[in-house]
Amino acid sequence: MPIGVFDSGVGGLTVLKAMRDLLPNEDLVYLGDTARLPYGTKSPASINRYASQATLQLQQQGIKLLVVACNTASAVAIDALRKQMHPLPVIGVVEPGAMAAVESCPGGAHLVLATEATVQLGAYRNAIRERDAAAEVRELACELLVSLAEEGWTDGAIAEAIVRRYLEPLTEASYVADSIILGCTHFPLLRSAIEATVDAGTTIVDSASTTAAFARHMLDDDDLLNDQSAAGRLRLLATDGATRFARVGGRFLDENLVAADIELVDL
Ligand code: DGL
């Protein structure tokens with residue numbers, strides 16, 4: 001059976017890419033809910049409903065594990081999705097991200113860059129403080145960075161100026177973070193712009209590879225790893241805009257995609 005991965009759009013392809021690298025023999029089915037992107041500015045009730053419908057679509061494909069490759073959906077809906085998928089396992093991106101941050105800077109000062117919904121719920125703050133009571137956590141909603149990544153304006157003067165503008169209140173208060181957590185699927189694409197605007201000693205934490213490692217560990221523990229020797233197959237599903245998904249998603253996946261590679265589905 002394939003592993004199901006979903007995100008509100010193409011951003012979760014950063015997680016999918018890490019999973020393909022680490023689990024090359026696994027079949028994967030990815031669903032991007034492009035018709036309803038962004039989730040990050042929606043209410044918890046809407047995000048819960050969207051996440052549940054996306055999960056149902058993947059359940060109908062017959063998956064053995066669900067990876068919620070969307071920080072916002074992970075922050076809002078992970079408990080409900082675990083109930084929906086029971087007894088099959090569900091992995092979100094917040095817990096692996098929090099774990100990676102705590103491991104890289106124990107007792108440190110962490111700055112989380114995320115969407116409004118993720119920040120409002122304090123998802124990373126709670127996940128980090130559960131693992132490290134001495135940690136200090138600040139969270140910053142940076143909605144415009146999602147649009148920048150979608151547009152492909154991920155480095156250079158414009159991207160750096162916008163990152164700097166978001167960080168301005170902290171810079172003015174002389175706040176220096178030990179780690180910056182990329183708490184949104186789109187932000188790994190802006191990594192170089194973020195690195196250019198922060199202190200050289202700051203660790204940048206990205207949950208994609210930790211999430212993939214989590215998935216491998218979980219499948220191994222449950223004896224669910226695919227033992228085929230051939231490379232795993234990838235199916236890409238979206239709820240709207242196959243051409244745009246291919247163009248933007250190709251950048252996230254670091255691969256050439258065409259509209260015909262994307263299957264449109266209705267949730
Ligand atoms: N996938 C979302 C996240 O990681 C970002 C885009 C959105 O707001 O839907 O939080």
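Atoms within each ligand, like the ligands themselves, are counted from 1 in listed order. Quick caveat: nothing in here was measured; it's all calculated off a predicted structure.
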*Just which atoms of ligand 1 are under 4.0 Å from any heavy atom in Ser8?*
1 (N), 2 (C), 6 (C), 7 (C), 9 (O)
*Can you tell me if Ser46 uses its side chain to pair, donor with acceptor, with the backbone of Lys42 under 3.5 Å?*
no
*Heavy-atom contact under 4.0 Å between Cys184 and ligand 1?*
yes
*Would you mind running through ligand 1 and noting each atom that sits below 4.0 Å from a heavy atom of Tyr39?*
7 (C), 8 (O), 9 (O)
*Using the salt bridge (Lys or Arg N to Asp or Glu O under 4.0 Å) rule, collect all pairs that involve residues 72-91, keeping only residues at least two apart or in two chains.*
Arg82-Glu95
*Mind checking whether Thr118 has an N or O less than 3.5 Å away from an N or O of ligand 1?*
no
*Please state whether the rings of His186 and Phe252 are parallel, tilted or perpendicular, taking 30° and 60° as the class boundaries.*
perpendicular
_Contacting atoms of ligand 1, where contact means under 4.0 angstrom from a heavy atom of Pro38_ = 7 (C), 8 (O), 9 (O)
*atom 1 (N) of ligand 1 [closest protein heavy-atom partner, distance rounded to 0.1 Å]*: Asp7 OD1, 2.7 Å
*Geometric N/O contact Glu143 with ligand 1, under 3.5 angstrom*: no
_Check whether Thr239 reaches the backbone of Ala35 with its side chain - one donor and one acceptor, N or O, closer than 3.5 Å._
yes
*asked:* Counting neighbours of CG on Asn256 that are heavy atoms of other residues, nucleotides or ligands and sit closer than 6.0 Å, is the number greater than 12?
replied: no
*Arg235 (side chain) donor-acceptor with Val29 (main chain) under 3.5 angstrom*: no
*Nitrogen or oxygen of Leu37 less than 3.5 angstrom from that of ligand 1*: no
